[in-house]
Amino acid sequence: MKMHLLTARSLFLLALILGAAGMVQAQQLEPRAYSPAPVGLNIAGLAAYYATGNVVTDVASPVQNIHARVDMMMPFYGRTFGLLGRQASVTVATPVADAEVTGDVFDVGRAIERTGMMDPQLRFAMNLIGGPALQAEEFFKRAPETTFGASVLVNVPLGQYDRAKLINLGTNRWAIKPELGFSHPVGSWVLEVYAGVWLFEANDEFFGGKVRRQDPLQSYQAHIVYQLRQHLWLALDYTYFSGGESTLNGVPQHDRQNNSRGGATVSIPVGKGQSLKLAWARGVSTRIGSDFDTIGAAWQMAWF
């Protein structure tokens, strides 16, 4: 029984890695997330991501040499609309994944594989300063301006989950991320800064019949975007996240995160109303948690 308890403590990080849509809740790198758009715009597409890397645990942990691979497909749909004279949007994403985790438990190799649905995500965003609600004809005549917006991202606990298993694709708990975003154009450049925090519901059906709680996880992003023309742009991306220590039946698990990631994104027009976005990211510093390399591609189509 002692072995199972130690293993559970050490593998909590893996539950976080596999249980969040959009490639790990706090690690998302999303340039142009608060860019203004005309109202009445529909956007649908399909994103594919591949992530592989190690999971950093305490040196005293009986679980070491942890490596994970995650393949994910994520169809998404969004629409912009006017709200109180400001431009707003709603987006829904429903990811599915195939994931494999390997590691040594007391020097004995173990492997786990999961395939299925992850937690869907819903996002509501609204520009508070700049970005008024404009029809397409008015919107494309406007000059670029500074915008300040807010969003709420919700993880809906509908992903694959079995309380008899430690590693799951779903999280069996609601999670919500309020965020503020600032975007400032300078010629062909755009400077962006976001600040948000993940808030987690308790999981009352965690592995072994335990109750798992997690502290808020702060998330910060910065992006430098160079706009070549409509739908053709390049971005350098950086994110830092801190906090999120968990408890098991009130016992601290000493898994506070204090990590950062960097990457790059390019968007390329591929036809009328269509674009292809390519992204790459890797861990810059990792105290506890995932140290992943991630590559992704997303095709999207826009129409009124």
Side-chain angles (χ1 to χ4, degrees), residues 1-28 51 55-58 61-63 66 68 70 72 74 93-101 103 105 110 112-123 152-179 196-219 241-259 288-290 292:
M1 184 66 178
K2 181 180 180 182
M3 176 179 173
H4 286 292
L5 289 175
L6 287 172
T7 302
R9 288 188 59 172
S10 302
L11 291 181
F12 282 154
L13 299 169
L14 300 181
L16 281 177
I17 292 166
L18 301 182
M23 287 319 297
V24 194
Q25 297 163 339
Q27 299 185 18
Q28 295 169 334
V55 180
V56 180
T57 61
D58 189 282
S61 170
V63 182
I66 301 174
V70 182
M72 188 179 71
M74 185 172 64
T94 55
V96 294
D98 177 72
E100 181 181 28
V101 180
V105 182
R110 302 287 179 88
I112 296 173
E113 187 168 0
R114 298 285 186 266
T115 301
M117 180 178 174
M118 302 175 79
D119 291 344
Q121 287 190 329
L122 299 173
R123 181 178 185 263
V152 177
L153 180 63
V154 180
N155 264 20
V156 183
L158 296 177
Q160 183 184 103
Y161 189 84
D162 184 345
R163 63 182 178 180
K165 297 177 180 178
L166 176 61
I167 307 302
N168 287 281
L169 295 174
T171 58
N172 194 46
R173 63 178 182 182
W174 290 86
I176 183 172
K177 180 189 179 185
E179 184 179 71
V197 58
W198 277 103
L199 306 172
F200 305 101
E201 181 188 33
N203 182 355
D204 296 328
E205 296 184 336
F206 193 68
F207 178 73
K210 311 296 184 183
V211 176
R212 182 175 185 271
R213 303 181 187 278
Q214 187 174 6
D215 290 344
L217 182 64
Q218 302 170 48
S219 173
F241 44 103
S242 176
E245 182 173 0
S246 65
T247 62
L248 179 64
N249 282 357
V251 179
Q253 299 303 301
H254 308 294
D255 55 359
R256 176 184 172 86
Q257 300 178 59
N258 186 25
N259 307 337
I288 291 287
S290 61
F292 276 13

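Start at 1 with the first residue, then count along the sequence.
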Inset, instruction - May I have the step-by-step check of side chain to side chain contact (heavy atoms under 4.5 Å, CB included) for Gln253 and Glu245, ending in yes or no? - result: CA-CA 7 Å; Gln253 299 303 301; Glu245 182 173 0; 5.7 Å; no
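Trp198 has its side chain within reach of Leu153: a pair of non-hydrogen atoms, C-beta onward, lies under 4.5 Å apart. Using a 4.5 Å heavy-atom cutoff, the side chains of Leu217 and Gln257 are in contact. Contact of the Val156 side chain with the Trp174 side chain is registered, since non-hydrogen atoms from C-beta on lie closer than 4.5 Å.
Although no hydrogens or angles enter the test, the distance criterion places a donor-acceptor pair under 3.5 Å between the side chain of Asp162 and the main chain of Ala164.
Going from atom NZ of Lys210 over to atom CG of Asp204 covers 13.5 Å, rounded to the nearest 0.5 Å. Rounding to the nearest 0.5 angstrom, the gap separating the CZ atom in Arg212 from the OG1 atom in Thr171 is 9.5 Å. Within the model, atoms CG of Leu169 and CE of Met117 stand 11.0 Å from one another, a figure rounded to the nearest 0.5 Å. Taking CZ from Phe207 and CG from Asn172, the interatomic distance works out to 14.5 Å, rounded to the nearest 0.5 Å. Annotation: the span from Arg213 atom CZ to Asn249 atom CG amounts to 9.0 Å, rounded to 0.5 Å.
Listed by chain and number, the residues in a side-chain contact (heavy atoms from CB on, under 4.5 Å) with Val152 are Val154, Ile176 (sequence neighbours excluded). By the side-chain contact (heavy atoms from CB on, under 4.5 Å) test, Glu179 is found to be paired with Tyr34, Ser151, Lys177, Tyr194, Gln221, residues two or more places apart in sequence or in another chain being considered. Annotation: side-chain hydrogen bond (donor to acceptor under 3.5 Å, both in side chains) contacts of Asp98 (sequence neighbours excluded): Arg69, Thr115.
Taking every heavy atom of both residues into account, Phe206 and Tyr161 meet most closely at CA-OH, 3.5 Å. Here the shortest heavy-atom pairing between Phe200 and Ala175 reads CD2-CB, 3.8 Å. Of all the heavy atoms in Gly159 and Pro120, the pair that sits closest is N-CD, 4.4 Å. Between Gly116 and Gln160, the shortest heavy-atom contact is CA-NE2, 3.5 Å. Shown here for Asp255 and Gly244, the closest heavy-atom pair between the two residues is OD1-O, 4.2 Å. In terms of heavy atoms, Val197 sits closest to Pro216 at CG2-CB, 3.7 Å.
Judged purely by distance below 3.5 Å, without hydrogens or angles, the side chains of Asn155 and Asp119 never pair a donor atom with an acceptor atom.
Only one option out of Glu201, Glu205, Gln214 pairs with Arg173 in a side-chain hydrogen bond (donor to acceptor under 3.5 Å, both in side chains); it is Gln214.
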